Amino acid sequence: MKKTIADVDIKGKKVIMRIDFNVPLDKETNSKITDTTRIDSAMDTINYIISNGASLILMSHLGRPDGKVNPKYSLKPVYEYLAKKLSGTTVLFANDCIGDEVVKLADSLKAGDVLLLENLRFHAEEENNDANFAKSLANLADVYVNDAFGAAHRAHASTAGIAKAKANMPAVAGLLMEKEIKYLGDAVANPERPFVAIIGGAKVSSKISVLESLLEKVDTLAIVGGMAYTFLKAQGHIVGDSLFEESYVDTAKEVMAKAEKMGKTLFLPEDNVIADKFDNNANIKTIPNDEIPDGWMGMDVGPETLKDMKKIIDSAKTIVWNGPLGVFEMENFSNGTFEVAKYIAESGAVSVIGGGDSVAAVNQSGVADKMTHISTGGGAALEFLEGKELPGIAVLESK
Ligand code: AMP
C-alpha cells in the first residue's frame, strides 16, 4: 500500500502537488475549458491539504507544447476556474514553474494559500526527467504529493524525478491517486465474478496489451468499436471498408484461440450500423455481420449486439469498460456507446470506467454518479489494467 497525504503531517508545511489539469480547451479561442472533470476531481485533495494547515503549490502539464513556451497551452484558464472554485482562498498564479519569481511567490504563501505554476511542459526538462529541474521544483516545498494519476505512466521530472530530488522529503499519493489505485487495482486483482471487460475504441494496436492481460483475468471479454472489425475479419467475416488492421489479424486469431483454450467468453458484435462515408450525414443502414458492402463501414453496434451486451452486463458482478462502441462523437453513431453506459449504470455491478472516451460518454449520458469509479487517466488507466507498474506510483513511499 502506498502512503497517502493522510499519513504525513502537513500542518504548517508547504506541499507541492502534481495534479492532472490537462483539460480540453475550446478549439476557437483556446481559453474556455470544455470539460472541467479533471479539476473538479482534484478538489477533494486540494481542500484536504489547505484545510489541514498547509500551503499548496500545484503543478501540471497541459497539452503538448514540446518544451517551448506557447500561450496556447497556458494554464491561465485553469487558474481562473480554480480561483472561482476556491473563492475565499488566496489563489496565485506564477508565469513559470521554476525561477526567482516562483521562489518568491512560494515563499510568500501562508497556511491555506494556493499557488498554481505555469505549464511544466514549457520546459523540455520536464519530459526529460531532468534532475536539476526536478530539484528546482522540489526545493519549493517540504512535502511532495502526486495526485495526477493521468500522468503516472510517464517518468517525468514532476512525476518521478522530484520524489528523489530532495533528501527526506516525503513523497506520497493524493486522495484521487489513492482512489484510482484502489479501484483499478481491486477490480482486476479481486473482482467479484462474473467479471466482464468491455474494450472498444479505434485500434487493436493501441489496446492489444490490455486485451491480452484482461483475458487472463475476466470471465467475458467484449471487443467492440472499430477494433472489433479486425477480429471479425480474422474470423472470416466481410467487413467492407470498416476500420481494419491487417497486421493484427494473426494477433486477433491468437487472442481468440487463447480465449477458447482458457474457457473464456469472447464477445464480438453481431450486427452493425454502417455508413457510406465517415460522416454523421452519411447514408446509414443496420445490417448483420457479413453484409457490409464495399464502400461502407461499421460505425456503431446494432440492436442485436446491444441485446446480448445487456444480458452480459446484467449477469456481471464486476465490469471494466474502456473505449466507445462506435464513433460516438457523431450523433448518428453514438447509440451503442450511450446505451451500454446506461446498462452498466443500471446493472448494480461494481463498475470501473477506465478513462478516455468512455468517461466522456458516461458523462454525456448522465449516468456518471451511478458508476463505482471513473478513472481520470486514459493511457495510465490502460497501463494499470495491463498490470504494469507506473513510474509515478512506483516512486511513492509504501506503508
Ligand atoms: P480509443 O482512443 O482507442 O479508445 O478510440 C476512441 C475512438 O474510437 C473514438 O474517437 C471513436 O470515434 C473511435 N471509434 C469507435 N468505433 C469506431 C468505428 N467503428 N470506426 C471508426 N472509429 C471508431
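First listed ligand is number 1; within each ligand, the first listed atom is number 1. Model, not experiment: these values are computed from the prediction.
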May I have every N or O pair linking ligand 1 to the protein at under 3.5 Å, one per line with atom names and distance?
unit_1, atom_1, unit_2, atom_2, d
ligand 1, 3 (O), Ala202, N, 3.2
ligand 1, 3 (O), Lys207, NZ, 3.4
ligand 1, 4 (O), Lys207, NZ, 2.7
ligand 1, 5 (O), Ala202, N, 3.0
ligand 1, 8 (O), Ala202, N, 3.2
ligand 1, 10 (O), Glu329, OE2, 2.4
ligand 1, 12 (O), Glu329, OE1, 2.7
ligand 1, 12 (O), Glu329, OE2, 3.3
ligand 1, 16 (N), Gly226, N, 3.1
ligand 1, 19 (N), Gly298, O, 2.9

Practice task
Flag yes if more than 12 heavy atoms outside Glu260 fall under 6.0 Å of its CD atom; otherwise flag no.
Solution key: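 No, not enclosed.
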Handout entry: Nonpolar side-chain network containing Val249, other nodes, edges under 4.5 Å
Key =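 Same cluster as Val249: Phe244.
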Practice task
Quick one: which residue pairs count as a ring pair (Phe, Tyr, Trp, His ring centres under 6.0 Å) with a foot in residues 325-378, not counting sequence neighbours?
Solution key: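 Listed by first then second residue: Tyr183-His373.
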Which donor-acceptor pairs under 3.5 Å do the side chains of residues 88-107 make with protein atoms, sequence neighbours left out?
unit_1, atom_1, unit_2, atom_2, d
Thr89, OG1, Leu86, O, 3.3
Asp96, OD1, His123, NE2, 2.7

Problem - SB check Arg154 Glu126 (cutoff 4.0 Å) - result: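 Judged by the 4.0 Å cut-off on N to carboxylate O distance, Arg154 and Glu126 do not form a salt bridge.
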Exercise for the section: Please confirm whether the backbone N or O of Gly298 pairs with a side-chain atom of Ser242, one donor and one acceptor, at under 3.5 Å? Expected result: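 At least one qualifying donor-acceptor pair exists.
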